[in-house]
Amino acid sequence: MIRRRVVLAGAAAAALSGCSPDVLGLSRSVRVAVSWSGPELRAFHRVLDGLGKLDYPVEVIPLGDDISTAFGERSARRPDLVMLPQPGLVPPRRGDLEAMPSDLADRGRARLWDELLTHDGTTYGLPFKTAHKSAVWYRPSVFREAQVQPPTQWDEWLELNKALSLRGIRPLALGAGDGWVLTDFLENVLLGTAPSAYRALAVSDDPRPSRVPEFAAALRRLATMWAMPGALAGGVERSLTQQFPDAVVEVFGHRRAAMVTASDFAEPVIRSFAADPDDVGLFTFPAFGPGAAAPVVVGGDVMVLQRPATDDAWDLLHRLATPAAPAPWIASGGFLVDGRTTGYSPELTRLADQLAAPGTSLQFDLSDRLGELGGIDGLWRVLTDLLVRVGTRGPDVVPEAVESALDELGTVEG
């Protein structure tokens, strides 16, 4: 699940008023709802600027975590095009969406997207941006100092954390203020240890994770890592209050931790704050045993058009769907295109190669596909409470804390 905080209301209001057709007497704007803010929002504006002169105004409406409000009641102010960061919302919204035309539909039927975007041969959304959600960024200088290597298996990662902690180095920075950081962590553990159980939950019409033994086992593994004394920079208190960019800065700016789990879109933040631009390393979630496939959790933003769409909205969709459209964003980093493996930084090229490699254990973000159960009042809160119960307190507290988490999740499941 890729979700963003709501941006400042003032910024959103400025974006709306600046293009109001009522004030300027122009044709009705094409309204584009996005979840992005900060550098990502600026990068999207560069994409729009790169489309050339348009015959209509475009309003960009940053909705942050409230992107689902874009699908409210029909009115002149309702967004036309939604950059949906939760592809799992496409199936339940199909009735509100335009079907993609035949000249674009094949993009929605690419390897990763078909199951979510296509129904009975009709495509309802187009992938715009792909996210690799199994990346771990680190400072190589710290690893050299501690004489350790990036882990190739989960147990090695636990030993690595211990080795760093014994040297007085905090291994992990955690941006738990963004709930999706926690769900991404868990999803990688579940996919790496029990891919069949992960898949079954993802496609279930009535998912009950609290009743799945493999899910409970994944919680225990995750809780064990979080419980290690000295594992988290700033302890639980700072972890709970910082968002994912703060955690990135904790590693590369303040240098108070060695590693941070963060998707490919963290790259511009890392480059902006890295005290040493050459001291940036990357590994991906390791396998959970000899011969096991390493997990790769995938997310993304898809373009959907709300019905009925205007000719101008269709025109903007076609322009954004051209392969060259995202070039300005790709140039600034933190942007992957499904199926494309060239034109990126060395780090993102590695991630793109893994997404395209045959036989890779790829699955879309599970919390996205669980609906409300995977969201703020569901799995986000359950994992936040689990972090509070176990954070840096040692392994003895893990069994009881996991049982409490399962009970809490069961209550949410109803």
Side-chain angles (χ1 to χ4, degrees), residues 1-2 85 87-88 107 109-116 127-140 143 149-157 160 180-181 183-196 198-199 202 218 244 248 251 259-271 280-302 323 326 329-331 333-369:
M1 180 178 292
I2 303 173
R107 288 194 55 200
R109 296 169 189 165
R111 177 175 61 143
L112 287 171
W113 304 89
D114 178 70
E115 187 174 275
L116 297 176
F128 178 70
K129 186 177 185 297
T130 299
H132 188 302
K133 309 194 78 178
S134 303
V136 184
W137 301 82
Y138 71 100
R139 284 188 291 134
F143 280 26
Q149 299 290 326
T152 59
Q153 294 193 23
W154 177 260
D155 289 344
E156 293 176 11
W157 196 359
L160 167 62
W180 54 265
V181 170
T183 57
D184 284 359
F185 219 136
L186 173 65
E187 288 157 9
N188 276 285
V189 177
L190 180 61
L191 181 57
T193 54
S196 296
Y198 185 108
R199 174 71 183 168
F244 99 89
V248 170
V251 174
M259 293 171 280
V260 59
T261 59
S263 302
D264 57 279
F265 52 75
E267 183 188 40
V269 183
I270 293 169
R271 298 296 177 192
V280 176
L282 169 75
F283 65 88
T284 57
F285 264 76
F288 282 76
V296 182
V297 177
V298 183
D301 296 82
V302 298
W329 197 335
I330 292 173
F335 192 103
L336 293 174
V337 178
D338 185 47
R340 173 173 168 169
T341 58
T342 60
Y344 306 119
S345 68
E347 290 80 14
L348 261 60
T349 298
R350 286 178 53 197
L351 299 180
D353 285 342
Q354 191 177 32
L355 290 176
T360 307
S361 180
L362 302 177
Q363 285 290 335
F364 255 110
D365 190 306
L366 177 62
S367 56
D368 180 0
R369 304 188 66 173

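Computed over heavy atoms, backbone and side chain alike; hydrogens, waters and symmetry mates excluded.
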Spatial distance of atom [atom1] ([X]) from atom [atom2] ([Y]) [nearest 0.5 Å]:
X	Y	atom1	atom2	result
Ser134	Leu355	OG	CG	8.5 Å
Ser367	Asp184	OG	CG	6.5 Å
Tyr138	Thr261	OH	OG1	15.5 Å
Trp180	Ser263	CH2	OG	5.5 Å
His132	Thr284	NE2	OG1	5.5 Å
Leu190	Thr183	CG	OG1	12.0 Å

Within a strict 4.5 Å, meaning less than it, do heavy atoms of the [X] and [Y] side chains meet?
X	Y	answer
Glu267	Leu348	yes
Phe265	Trp329	no
Val260	Val136	no
Ile330	Val337	yes
Phe335	Asp301	no
Thr130	Arg340	no
Met259	Val251	no
Val189	Phe288	yes

Quick one: closest heavy-atom pair of [X] and [Y], and the distance?
X	Y	answer
Gly192	Pro295	N-CB, 3.7 Å
Thr341	Ala352	CG2-O, 3.8 Å
Glu187	Val297	OE1-CG1, 3.8 Å
Ala262	Ala266	CB-CB, 3.6 Å
Pro151	Pro286	O-CB, 3.9 Å
Ala292	Ala287	O-CB, 3.3 Å

Please check this pair: side chain of [X] against backbone of [Y], looking for a donor-acceptor N/O pair closer than 3.5 Å.
X	Y	value
Arg139	Gly281	no
Asn188	Lys133	yes
Arg350	Leu282	yes

Derivation of the salt bridge (charged side-chain N to carboxylate O under 4.0 Å, His left out) call for Glu115 and Arg369 = CA-CA 11 Å; Glu115 187 174 275; Arg369 304 188 66 173; 2.6 Å; yes
Not counting sequence neighbours, which residues clear side-chain hydrogen bond (donor to acceptor under 3.5 Å, both in side chains) with Gln363? List them please.
->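 None.
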Worked verdict on Leu191 versus Leu366 for side-chain contact (heavy atoms from CB on, under 4.5 Å) | CA-CA 9 Å; Leu191 181 57; Leu366 177 62; over 6 Å; no
With a 6.0 Å cut-off on ring centres, are Phe364 and Tyr198 close enough?
->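 No, too far apart.
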Close aromatic pair by centroid cut-off 6.0 Å: Phe283 and Trp157 = yes
Derivation of the side-chain contact (heavy atoms from CB on, under 4.5 Å) call for Trp137 and Glu347 = CA-CA 10 Å; Trp137 301 82; Glu347 290 80 14; 3.9 Å; yes
